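The shown structure was predicted, so the numbers you read here are calculated from the model rather than taken from an experiment. Residues: numbered from 1 along the sequence shown.
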Amino acid sequence: MPASKAPFHVERRQLETYAQLLITVAKTHGLIGFDEAEVDTHIRRSLILLEIEEVGSATSVIDVGSGAGLPGIPIAIVSGGSKQIVLVEPRRRAVAFLEMVLRELDLECQVTPMTAQMFARSKMFHPADVVLARALAEPPVAVRICAPLARVGGAVVLTGSPLAAALDWGIDLDSYGLGEPRTSRLSGPHDITQHVHIIPKVT
């Protein structure tokens with residue numbers, strides 16, 4: 001994993017604060033479906049995405065359907081401002097939570113209160129090096145939503161469950177300007193695993 005850009009004590013404090021906000025606020029507002037015991041696991045699964053070259057080296061990231069901020073917020077914390085991160089989320093309750101998190105943690109991410117399709121047509125939109133989506137939709141649907149947001153030479157990265165396998169995409173990826181996908185299984189401390197589907201944006 002690339003070295004953190006934030007001082008360790010700052011990074012640790014921010015991650016601990018974010019975990020508490022997930023437990024005390026996001027959970028009570030129905031923004032996460034996992035229990036308190038699983039919060040640390042989900043944060044770690046977000047962070048191991050930085051092991052992927054496309055994510056680790058990216059300077060601009062769009063997190064589609066960000067919800068409670070996974071994976072965008074943990075990545076923003078450890079990147080220490082070295083990545084421009086946009087959190088795209090249409091639900092008002094989730095937007096309010098994300099804005100509160102950014103204030104509490106003093107992060108400079110951008111919260112975009114609209115759908116990915118609306119964002120792609122807005123004046124605020126700039127294609128990103130990497131477009132991330134966690135549990136947004138079935139992969140063929142998620143890739144159709146995310147592809148227009150990635151720059152040529154960038155990538156769409158979809159996270160799957162720990163048991164996810166290689167996919168039969170069932171769509172013409174070339175028609176979305178996408179190349180051949182690859183599936184990787186990432187592993188981290190404490191038996192953390194994460195399957196990801198990485199699809200390059202080629203045209």
Crowding at CZ, R93 (>12 non-hydrogen neighbours, <6.0 Å): no

Find the distance between CG (L178) and CD1 (I199) and round it off to the nearest 0.5 Å. 6.5 Å

Looking at side-chain heavy atoms only, is the closest gap between I52 and L49 below 4.5 Å? yes

Might you confirm whether atom CD of E53 has over 12 heavy atoms from other residues, nucleotides or ligands at distances under 6.0 Å? no

Between I77 and L107, is there a side-chain heavy-atom distance shorter than 4.5 Å? yes

Whether the side chain of D129 engages the backbone of S60 through a donor-acceptor N/O pair (distance < 3.5 Å, no angle test) should be reported. yes

Between H29 and F97 (judged by ring centroids, cut-off 6.0 Å), do the two rings come close enough to count as a pair? no

Distance, nearest 0.5 Å, that separates CD1 of I85 from OG1 of T59: 10.5 Å

Taken to the nearest 0.5 Å, the spacing of I198 CD1 from T183 OG1 works out to 8.0 Å

Test item: K201 side-chain N/O and V156 main-chain N/O as donor-acceptor pair under 3.5 Å: no

Please determine whether residues V202 and V157 belong to a single hydrophobic cluster, defined as Ile, Leu, Val, Met, Phe, Trp and Tyr linked transitively by side-chain heavy-atom distances below 4.5 Å. no

If every non-hydrogen atom of V130 is compared with every non-hydrogen atom of A58, which pair is closest and at what distance? CG2-CB, 3.8 Å

Min side-chain heavy-atom separation M124-M114 under 4.5 Å: yes

Would you please test T193 and R185 for side-chain contact (heavy atoms from CB on, under 4.5 Å) and show each step? CA-CA 7 Å; T193 59; R185 180 181 182 273; 3.1 Å; yes

Any sub-3.5 Å donor-acceptor pair from S79's side-chain atoms to S82's backbone N or O? no

Close side-chain approach of C109 and D63, heavy atoms under 4.5 Å: no

Measuring from atom CG of L70 to atom CD1 of I32, what distance do you get when rounded to the nearest 0.5 angstrom? 8.0 Å

Student check: side-chain heavy atoms of L173 and V143 closer than 4.5 Å: yes

Check whether S122 reaches the backbone of F119 with its side chain - one donor and one acceptor, N or O, closer than 3.5 Å. yes

Value for CG (D191) from CZ (R44), rounded to nearest 0.5 Å, stands at 11.0 Å

For E51 and S187 the tightest heavy-atom approach is OE2-O, 3.6 Å

When you measure from the side chain of E38 to the backbone of D35, do you find a donor-acceptor pair of N or O atoms at a distance under 3.5 Å? yes

Determine the minimum heavy-atom distance between L87 and S66, stating which atoms define it. CD2-OG, 3.6 Å

Taking the side chain as every heavy atom from C-beta outward, state whether V101 and V25 have any atom pair closer than 4.5 Å. no

P71 and S46 have their tightest heavy-atom pair at CA-OG, 3.2 Å

Sort out for me which residue in L47, D40, L105 forms a side-chain contact (heavy atoms from CB on, under 4.5 Å) with L15. L47

Closest approach of L158 and A142, non-hydrogen atoms and distance? CD2-CB, 4.0 Å

Assess whether a salt bridge exists between R182 and E180, defined as any Lys/Arg side-chain N lying under 4.0 Å from an Asp/Glu carboxylate O. no

Just verifying a value: how many Å separate R45 CZ and R134 CZ, rounded to the nearest 0.5 Å? 8.5 Å

Heavy-atom pair with the smallest gap, counting every atom of K27 and F34: NZ-O, 3.0 Å

pair F125-V88: side-chain heavy atoms closer than 4.5 Å: no

With distance as the sole test, does K83 use its side chain to make a donor-acceptor pair with the main-chain N or O of G56 at under 3.5 Å? yes

Test your reading of the model: is there a side-chain donor-acceptor pair from S175 to the backbone of D172, 3.5 Å cut-off? yes

Test item: L22 and E36 side chains (from C-beta on) under 4.5 Å apart, heavy atoms: no

